[in-house]
Every structure is written in C-alpha cells, then in structure tokens.
Amino acid sequence: MYLKSAYEIRDKYLRKDMLPTIFCPGCGIGSALQYTLRAIDDLGLNQDEIVWVSGIGCSSRVPGFVNFDGLHTTHGRALAFATGIKLANPDLKIIAFMGDGDAAAIGGNHFIHAIRRNLDVTVILINNFTYGMTGGQVAPTALKGLRGTTAPYGQFENPFDIADLAVSAGANYVARWSVFNYLQGINSIKKALSKEGFTLVEFLSPCPISFGRRNRMKTSPELLRWYQKITVPLAKAKNMPPEELEGKIVIGEFADRDRPGLVREYEAYKKRAKKMMGWEE
Amino acid sequence: MRYPFPVGRSDFIQGDEAIARAAILAGCRFYAGYPITPASEIFEAMALYMPLVDGVSIQMEDEIASIAAIIGASWAGAKAMTATSGPGFSLMMENLGYAIMTETPLVLVDVQRGGPSTGQPTLAAQGDIMQAIWGTHGDHSLIVLSPATVQEAFDFTIRAFNLAEKYRTPVVLLTDAEIAHMRERVYIPNPEEVEIVNRKLPQNEEEARLPFGDPHGDGVPPMPIFGKGYRTYVTGLTHDERGRPKTVDAEVHERLIRRIIEKLERNKENIISYETYALDDAEIAIVSTGIVSRSAVRAVKILREKGVKAGLLKLNTLWPFDFNMIEELAEQVKKIYVPEMNLGQLYHLVKEGANGKAEVELMPKIGGEVHTPMEIVERVVG
Amino acid sequence: MAKEIYSTYPMVKYLRKEALPTALCPGCGGGTVLNAFANAVDQLKIDPKDLVVVSGIGCSAWIASPYFLADTLHTTHGRAIAFATGVKAGLPDKKVVVISGDGDLASIGGNHLLHAARRNIDITVILVNNFIYGMTGGQVAPTTPFGAKTTTSPYRNIEHPLNISETIAAAGASYVARWTTAHVYQLIESIKKALQVKGFSLVEVVSQCPIQFGRRNQMKNPAEMLRWFLKNSVPVSKAKNMSPEELEGKFVIGEFVSRQRPEFTEEINKLIDEVQENFGLKGE
Amino acid sequence: MRKEILFSGFGGQGVILASVILGRAAAVYENLYAVQTQTYGPESRGGASKAEVVISDEPIDYPKALKPDCAVFFSQEAYNKYLRTVREGAKVIVESDLVPHRDEEFEKKLKVYALPLTGIAEETTGLSLTMNILTLGVLTAWTEVVSREAIEKAVLDAVPKGTEEINLRALHKGFELGEKARTEGL
C-alpha cells in the first residue's frame, strides 16, 4: 500500500490554527487519528459530509483539530448526541472519537444502546487503560494489578473487554488493534467507514505520562513492547484455554456482519406509519 | 402539508396532547424522550405524529441521552424537543448546561410533579421553578415559560420554539401534572395562522467563521449548522468567537458568558410576558404563575365582591424575570401574596423584586392539590 | 377473599401483611416472581434478617418492595444496582438482592448492570423482563421484541431487543440464567443457585404484562402469554446450534454461565489487608 | 353562565369517558369553554373514579367544580363521598341499583332522578357497558347543558368504530328518560 506523506494528510485535514495538539509526547492518539484520516482519504469521502463527535477526555479533543464539522459534547454522551445528528440528517456520516473511560465507564449505557439500535456511526475508540486528562485514574478497562491514582495499590476490579461487549450487543463491525498495527488499523477503519450500522475500531494506545509512568513503562516504546507481549491474534487465541488468556488482550476482527442500520429501519418505519394510517398505499 | 390532527378549529384535548400538536405546527421534526409520568402522553402523541410528517421520534435509554439527541438534531438543522418530569429533569441538567454554553436552540418541557425524588408521580406541583432557572451549574441564563391553561400550553409551546430559534437558546416550558392531564377547549390554528421564527443562518463565509461571535450586534450569532461545508466546531469548553477552546483565558470566558446572559437580558421586553387582572387600583396584589393563577383569578373576583381591592399579576415567563416591575407593584400595593404549589420558590424572586417596598407573603401548598380560590381568599381577609 | 389466601399461603410469613394486596394488576407475572423468590429463600432457610432487597422504579420494582418482609430499599430509576453496591460493600455478610424490571435495569440503568457484572460484586439481580414500561403506560423498552406495538412505537418496533443475559454473561458475571414465568420450578432453582454463588448473579425472568404489552399484541389474557413463552422457549444447549435467524423471536432459557471468578468485596478486602500489612498497620 | 357537572363511580364504568364526551360536545360543537379534570383511586382497575366538567360561555378560571350544579353517581362509595359537595337545588342522577343506601334528608334539597341505569342500558342495547352513554342522554335532555345534536356528535367521535349504532341507541333512550324528567318538572 502506498502511503501519502504525513504532511500531506496534515495539511489537508487538520486545522492549522489549532496546532500543535494538546497531546503529550508519545501519546498514541495522533496515530489513531492519522489512520482515520488516511482511511477517509483513501476512500475519497467528502470532508463536508462527515461530522466528528466526541465526549470528554484526551481523545475527545480530536474533533477540535480536524477540519470537519465537529461536536465536542459532555462526558460519555457522544453517541446520544450522534443519534440526534444522524437521524435528523441521514446524509451525514458520523465518526465518534472516544476514549475508554468516556465510552465504557460513564458512557457505557449509551454505548450498548447505540449498538443495539445499530446506529449508523463509526466509533474510533482509544483505549489507554486510564483517565489521562484528569491525571491517571483507573478506567474500567484497566487490567488487574495495573495502577492508577485511584488504585494506588493496583486495580482489584475485573476489566471490561469493550470489543467483546460490542459484539454481544450486536455491532455490525468490531475490530481491535494496538496503534502499532497500523496497516490493519487503517484497513479496519476503511471497512468500518464503508458499512452501515454500528462499527467499532478499538486501539490500544500508549499514555506514557498518566498511565505508563505509574506502571513502570515511562516511554511509549516500552508501552508498545508491552502491547506486543500482551496481545494475541484472534486466530491464535481461539486455540488457547482461558487460563492462558488471563491478562492477555485479543486483537483482530471480531465481527463483520450486515444487519440493517437504524436510518434504514426508520425510513421503512415512516413508510409503514403512513400506510397504517391510510396516507399512502 | 398534511397534518395528522384537525387544524383551523377547536378541539377538546389534554395539555400534553396540546404541547405535541403545537410542536408539530411550530416545525418540530425531532423528538427524543424517555417514559415518565405525567409527561409520557407528549411522547406518545409525538410517536404517533412524527413519522407521518417525516419527522423522527425516538425513545432513548434515559433522559440524559434524550436531551443529548435533541442537541445533536438541532445542530443537524432540526427543530427539536424533549419532555420529562422531575426525576428526568434532574438528569437533564448536565446537557441543559451544554445547550446553554453552545447556544443550541431546543425546547425542553418539564411537567412538574411532587418531589423531591420519585415523590408524587401523578400529582401536580410547582417545585421545579428554581431548578428550571438555576438547575445547571455555572453562570447562565435561559428562558422559562409557564402556562396556566391547555390553550396556553399550546400557544406557549409555539412561542418556546420561536424564542429558542430567535435567541439561539434552550427554552424550558414548565407545566404541571394538572395541566398535563386536564382536557380543555383549544383552538388549533391553520398552519398559515401560526407565526414561525427560524434561526439565523450565516449569510456569508465571514459569519460562518464566527459561530459564537456577535456579527449583528444583538448578541445572537447566526448558527452554522452541520453538513453545509462550514466545518463548524462546537464545544462545551469555554470557547472564543470562532469556537476554539480557550479554557484558561479569563477575558474570553467573561466575554462569552456575559454575551450569553445579556442576549436575553437586553431582549427582556420582547421575552417577558405577563397578564394582569384588576390590578390598576389594587391595594392587595397576588403574584402567581401556572395553574395556581386560575384559582387566584377566581379569588380576586371573590375578594372584589367582598370589597377588598385585590388584583392579580400572572407571570407567563419565569425567566428572564422583571424585578423592576415587581418593585413598581410593591410601591403601589400594601401587600403582595404569592400562592404557589411548593414551600417557597417564586416567593424569593418576588421578595427580591419588591425590595422592601411592600410586605410579601408566601401562600405555600404541597401534596398535589391546587389551592382552592377560598383558601386564597381566606388567607387575604384573615 | 384476600384474607383467606393470606391465611393459607405458606409464604405469607415473608410478606408485610399490612401492605397487601399488592398493587400489581391481575395476571401480572410479578406475583410469580415474588412467589419464586420467597420459595427460594424458604428452601435455602435464609433468615430474612440477612437479606437486603433493593429496587428501582417501575412495576417490577414493586414486586418485593414494600411487600417482602426484609430490609427494603426502594431507590431511583435505574440506580438500584449502584445503591446495592454500597449496601453490599458495607454489609458483606448480608445477601443483597435487586429485584426490578427490564426498563429500569437494562435501559436507564444499563450501565450500572454492566459495571456490577464486570466487578463481579456478590449481589443477586432478579431482572423481570416484560418487554415494556408497564407503570408509565406501555412505552417501548430496549427489550421489546422487533415488530411489537407499544405506545411509543405505534407502528411497530424497529429496534432489536437487547439480549440481557448474553450481554451480562459477556460482561463478566459469575452466574447468569434466564427463565420465563412458565418455568417456575427451574426459576426457583436458579434463584437458589444465584443466591448461593459468590459473585454477580443475574436471573432474568421473562414475564407477562397482559395489560400494557399483551393487549397491544393480540394476547389479552395472561394464559395466552404463558403459552407464547412455552411455545417459543429454546434451551441454551439447543440454541447453540441454531442460526440467528432461527432464534429470531425465541426465548433462550437455561443457564448461560456458572463459574467462579474473583469477587469484588473479597478482592477489595484482600487489598485492604495487603495494604495495611505493607504499611505496618495490621492489628492496630 | 358557569355550569359544573360531577361524574363519579368506580373504574371500568366509563365515568371518565362520559365526562370527556360532555366536555367535547360543549367545546367543539357548542363553541363554549369547557374543562374536564379527573381523579383516580390508587388502583388502575376497579378503584374509585371521579371526573368533573366545567362549562361556560366565558374563559374558565378555576378549572374544578366549586359546587356542582349537576352530579351523576354510579356507586355507593362515590355517592357517600361526594353527595354533600353539590349545591342546593342541583340536578342529581343516581344509579339506583348500585346506590342502595340513600341520604333522604340531604336529597330533599336536591332534584334527584334515580334509575336502574345499568339495567335499562342492558335492556336497550344488550350491553350494560353502554350505561355511561345512556346517562349522558338523560343528563343532556334533562339539564339542556348542551344540545342533543352536540352530544350526539361528541359520542360518535369517542366510541370505537362499529359501535356507533348501539351507542346512539343508548343515547336516544337516555334522551327519552331525560325528556320525561324535564317535562315532569323534576
């Protein structure tokens, strides 16, 4: 695959007056953002027909930096706002850029219900196991034993597997990679953007400052090496017993199906209403 | 345009139903809600009507999501509404603040019931007045309307949409369980009789570039809705005129918040609405809002028969609030009574307005029943 | 007549007699659930003093509250599990049970349900799924079957129901089972298991609401609804070999998971011990 | 002109529907002002049920009945609870089979028309459920609070499709009975 230079992508899609970004050196959000922009570029999507939506957190600042319509909303609620945008103007394509705390803790309910409805939205989910912006509290994705400012003695709760949850709730497309898997990442986003209904691409993304530092991985490369150690490709994971998978994170494509999206269902619903009331044949 | 209910004639319907029909006639095409007594009938009517007029009605997973969805829809260009009651209203406070900060036009109906918490789901109260005005955090202003009859519930709903669009602000329609379920004669106008105000859209690139500026000097920026190529960025963070986050700049914060508050404050005269009854020569004034006003009118009639020079000021808007008008009233009368279905909320605003020029006495009533006219009369004549 | 029933119904000893009769409509499945729960408590010989029953808002929140004679905490809409988390953390020796409805626990409260399952906190949730908001007059729920009529989906539901048991099993619960009110004995057995398992347990009970759901969906009387449950119930073991299309409109019944996983209150107490040990605070 | 009408009985008798139809007749077909309010007992089925209609030729301030000019009692419980709220000289319709115990002393101050309404409805239409519509007929013809045409139109608006004929039959029987009361000067 031919990759355009990063400058070309930057100049085409970012708001110059907003740069530099607020992201710390070594943060993985920039990578996931770049993959998303490359996917948009490769697919030749119209920049004026995409709305970026986000909640609160580091990842949620992304819509401010990209030169698209953007709605930076309240903590956890991005997908509920997205429901309104999409249904009020189905011609718009929605990308929700979210963090793990935002999507899976405070926003967990909106997340599963948006999936259940099969809302037409592509979620790019940055999973860094922590609340970066507020200073490194534990997130519900944090693996057991990991530390955060609110779990100074190590996380004692069980973690969420967001991708797994999205599959059981019924998403049309679900994939997870670490930001290290850039080609798979771009390809998954392209696939996600091309499908109707709810699509999710989750990225394990390094947060050296708020997360790494507290877990003996001060730099991004250390975190990436750790990801390599704990991630297991889906094909391989299938043959592994649960004990061996303890503390590991499976990566790959978990769902790829074509249930009708909410917009299509609502269009049919309007027709049915008019028919039932005798307004239309 | 075909309507799913008769227009250009009177009908006999409940307050909740009147609100739904008014919303459709005002141009509302997006409704998101969550079941709650006594507001569910608004949602049920919207569910029936919306698909027929090519609008959207969707049930969200909770009230937080309901108001979020209508804000999203508003930025996608639709006139949008949600309706709830106390417990749901409390959940909406977070995103009501977001709508104020991002200057998003929307209509939020709160059908008041007895609280706090689950309280008295089927019975009326006026306990959300303070929450409607001050419920969300931070410095802010918004518009709060308060109908007393089913016809007013209808008329004020249309007005709520128009004010929301005109001033780019959320508008709260504060009704109650009594009006919600009461059936009353309502005139449903022909669509051409309905005055419709639409939001200002940017006329050129320069205006579109400043979605939170003040290009017309009226404090109300044109709204560059999504999908038109404006590439608007909207955030609940403190932002400059272009919408760029400026979270530690005191000057930007003050400019933004003051403009949001002042755009309503300086248009007060066009927003505030009230009615008076026998107030011209009154020595005793009753100040009330909503359903209680109907008992108050009757009480004034009875008092006048008894030779007491009583008069009524019925507030149709609760915010912005005309403190000066209350002070003038206090200079005219000896005493002001404030009957309300709570233990004192409107009373505090009136007392502040009266500014010590007349005694202000609260007539509270809680438990679900509206004051009877005689209860008010007896309190006045002792 | 009611008085006679109270005097002969053996489970009445677990009920607050002064609160009876219940506010549930005739034919409601809630009574079956209350009866099953009381029987499970009775068979396990649990002293009601060791029970705390928590509920949210909705008809099903009234199944145990105020009727069940234990400590009962009737809370806000959707939040019962969050309240129960606090109760359990404070009283780890008590059995904390949440009995509430689908709208309450899986719509507005969906997030709390998910996170309690993830934490695997030792509480038992009996989720009464009647596909509808009964108390507010029959609005669509996230569990309403595709195509069913409700007051807010008057032209038939276009959303797909959330499979609560499957989702909560994926979120990490120790024990998850689903039955219908037509499977009373299995239901009692599952509630017993759920009460005994260490960790988060969910018993989903598909239950009939003839008034708000049945009436709008050609099943006016409760018996018709029970027949509908029986006819469309598929055991988990059989469902595994069925395609999603074949499972459309079916109720998969049985145990979804029954496993041992680290439990929240134990883990937190273990951690407290470790930390105190580390800081030399032990035994002070 | 302010007229207050009270309807009361137990859930399932169509108390609320009767009040809505009367209000509708006044508001939509007589161009009068009208308000209808209701209260239920705690149970959704079978509990006590009360509805009020206020009709006036000018805007209605207080929307509830102060002293009803006219009242309908379909149950003993309702009768016991609300009879003494009506004004002196009020026209009162009582379902005589369902209200066996009467307050004869208080009734002396009123104009009371007691009839086995349920039985008459059953006889007229074969359906005791039409009792509320029949009562509306009695009320309309006796009190002339709205015209017969208006109440007829309002009944047709409110009843389920396919039951129009049967309900009109009940209504007309009610007119007959009400007419009798009126001409007899009751």
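Nothing here was measured: the structure is a model prediction, and the numbers come from that model.
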Could you have a look at D:Gly23, D:Ala26, D:Ala154 and say which one has the most heavy-atom pairs with chain B under 4.5 angstrom?
-> D:Gly23
So, are D:Asp69 and D:Lys91 salt-bridged, with charged N and O less than 4.0 Å apart?
-> no
B:Glu283 side-chain N/O to B:Val333 backbone N/O, donor-acceptor pair under 3.5 Å | no
Checking heavy-atom separations under 4.5 Å from chain D, one finds in residues 296-305 of chain B B:Val297, B:Arg298, B:Lys301
Test item: side-chain donor near acceptor, D:Thr118 and D:Glu95, under 3.5 Å = yes
Side chain, backbone, both or neither: which part of D:Val54 has a heavy atom under 4.5 Å from chain B?
-> neither
Can you say whether D:Leu32 sits under 4.5 Å from chain B via the side chain, the backbone, both, or neither, judging by heavy atoms?
-> backbone
Can you tell me if D:Glu30 and D:Ser147 form a side-chain donor-acceptor pair at under 3.5 Å?
-> yes
For B:His181, what residues pass the side chain to side chain donor-acceptor pair (under 3.5 Å) criterion, not counting sequence neighbours?
-> B:Glu41
Ignoring hydrogens and geometry, is there a side-chain-to-backbone donor-acceptor pair from B:Gln126 to B:Thr289 under 3.5 Å?
-> yes
Exactly one of D:Ile5, D:Ile55, D:Ile16 clears side-chain contact (heavy atoms from CB on, under 4.5 Å) with D:Gln36, and that residue is D:Ile16
State, without any angle test, whether D:Asp157 and D:Tyr29 hold a side-chain donor-acceptor pair at a distance under 3.5 Å.
-> yes
With no hydrogens and no angle check, do the side chains of B:Asn342 and B:Glu340 hold a donor and an acceptor under 3.5 Å apart?
-> yes
Just checking heavy atoms, which of residues 372-382 of chain B are less than 4.5 Å from chain D?
-> B:Thr372, B:Pro373
Under 3.5 Å, side chain of B:Arg294 to main-chain N/O of D:Tyr62, donor-acceptor pair present?
-> no
Establish, from distance only, whether the side-chain atoms of D:Tyr82 and D:Glu52 form a donor-acceptor pair under 3.5 Å.
-> no
Proximity breakdown for B:Ile291 and chain D, heavy-atom pairs closer than 4.5 Å | side chain
Electrostatic pair B:Asp128-B:Arg113, nearest N-O below 4.0 angstrom = no
Honestly, the part of D:Asn31 sitting under 4.5 Å from a heavy atom of chain B is both
B:Gln14, B:Arg9, B:Arg185: which one forms the most heavy-atom pairs within less than 4.5 Å of chain D?
-> B:Arg185
Residues pairing under ring-ring contact (aromatic ring centres under 6.0 Å, His included) where one sits in residues 95-117 of chain D, two or more places apart or in two chains, turn out to be D:Tyr113-D:Trp142
Report the option among B:Glu184, B:Gln151, B:Arg183 that has the most heavy-atom pairs separated by less than 4.5 Å from atoms of chain D.
-> B:Arg183
